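Report on one structure; see the data block that follows.
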Amino acid sequence: MSSEKQFTRNEVSRRNNKSDLLIIIDNRVYDLTKFQDDHPGGHEVFLQVAGQEASEMFHDVGHSLDAKELMVKYCLGEVVAADRIEPETPQRSWSETDPPTTLSSDSGSAAWHLPVVLGVLATLLYYLLF
Ligand code: HEM
């Protein structure tokens, strides 16, 4: 259990105006009431997402590392476990369908044939020509 302050999405949704403005990014709750007038992207965007989930919009903008460091200052806590949205992680099981062991042992044994054959050919040519 985290020691951070916990918020339900319902609680956050009620704090959705210019004088009390919370948003949710990646299951963390930010109080942007004091930051809205300093936000380089303007305060209107915050009013659009006030009290709501804003992860997609935040990431779509491609905020800089500076912006991500600044966020920490405005973080109040996190969303309660029951209300969390897990980020989508693509699950690929290629390792099960395409075991790499067969491929690497095959190409491993073939790999030293070529230089040996070339070496033999070069030696034959040397004796034939000189
Ligand atoms: C804690 C939350 C946020 C912080 C600390 C923050 C901070 C910043 C900073 C520092 C910039 C300047 C550019 C950069 O350094 O990336 C910026 C730009 C911007 N932000 Fe945010 N931002 C936050 C949330 C949001 C959200 C939720 C939205 C959209 C709903 C948003 C939309 C924008 C836009 C549209 C720009 C302008 C991008 C441009 O002109 O290229 N920001 N923000």
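Note that the structure is a prediction, hence the values are computed from the model and not measured. As the structure lists them, so they are numbered: ligands from 1, and atoms in each ligand from 1.
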In the single-linkage hydrophobic clustering (I, L, V, M, F, W, Y; side-chain heavy atoms under 4.5 Å), do [X] and [Y] co-cluster?
| X | Y | result |
| --- | --- | --- |
| Val12 | Leu47 | no |
| Met57 | Leu70 | yes |
| Leu21 | Phe58 | yes |

Nearest protein heavy atom with distance in Å, relative to [atom]:
| atom | value |
| --- | --- |
| atom 33 (C) of ligand 1 | His39 CE1, 3.4 Å |
| atom 36 (C) of ligand 1 | Gly41 CA, 3.4 Å |
| atom 38 (C) of ligand 1 | Val61 CG1, 3.8 Å |
| atom 4 (C) of ligand 1 | Phe35 CE2, 3.6 Å |
| atom 13 (C) of ligand 1 | Ser64 OG, 4.7 Å |
| atom 10 (C) of ligand 1 | Ala67 CB, 3.6 Å |

Check ligand 1 against [X] and write out every atom of the ligand that is under 4.0 Å from a heavy-atom position of the residue.
| X | answer |
| --- | --- |
| Phe46 | 23 (C), 24 (C), 25 (C), 26 (C), 42 (N) |
| Met57 | 29 (C), 30 (C) |
| Ile23 | 27 (C) |
| Pro40 | 8 (C), 9 (C), 10 (C), 11 (C), 12 (C) |
| Phe58 | 3 (C), 23 (C), 24 (C), 25 (C) |

#### Entry: Mode of Gln48 contact toward ligand 1 - side chain, backbone, both, neither (heavy atoms, under 4.0 Å)
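No part of Gln48 comes within reach of ligand 1.
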No-hydrogen, no-angle side-chain donor-acceptor test under 3.5 Å, [X] and [Y]:
| X | Y | value |
| --- | --- | --- |
| Glu53 | Ser55 | yes |
| Asp26 | His59 | yes |
| Asp31 | Thr33 | yes |
| Asn17 | Ser19 | yes |

### Query
Would a 4.0 Å cut-off, counted as strictly less than, catch a protein heavy atom around atom 15 (O) of ligand 1?
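Yes.
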### Ionic contact status for Arg84 with Glu78, cut-off 4.0 Å
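Yes, charged N to carboxylate O under 4.0 Å.
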### Query
Between Phe46 and Phe35, what is the ring plane arrangement, given parallel below 30°, perpendicular above 60°, and tilted in between?
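Geometry flag for Phe35 against Phe46: tilted rings.
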### Query
What do you reckon, does Asp66 have a nitrogen or oxygen under 3.5 Å from a nitrogen or oxygen of ligand 1?
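Min N/O separation from ligand 1 is not below 3.5 Å for Asp66.
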### Task
Report yes if some N/O of Tyr30 lies less than 3.5 Å from some N/O of ligand 1; otherwise report no.
no
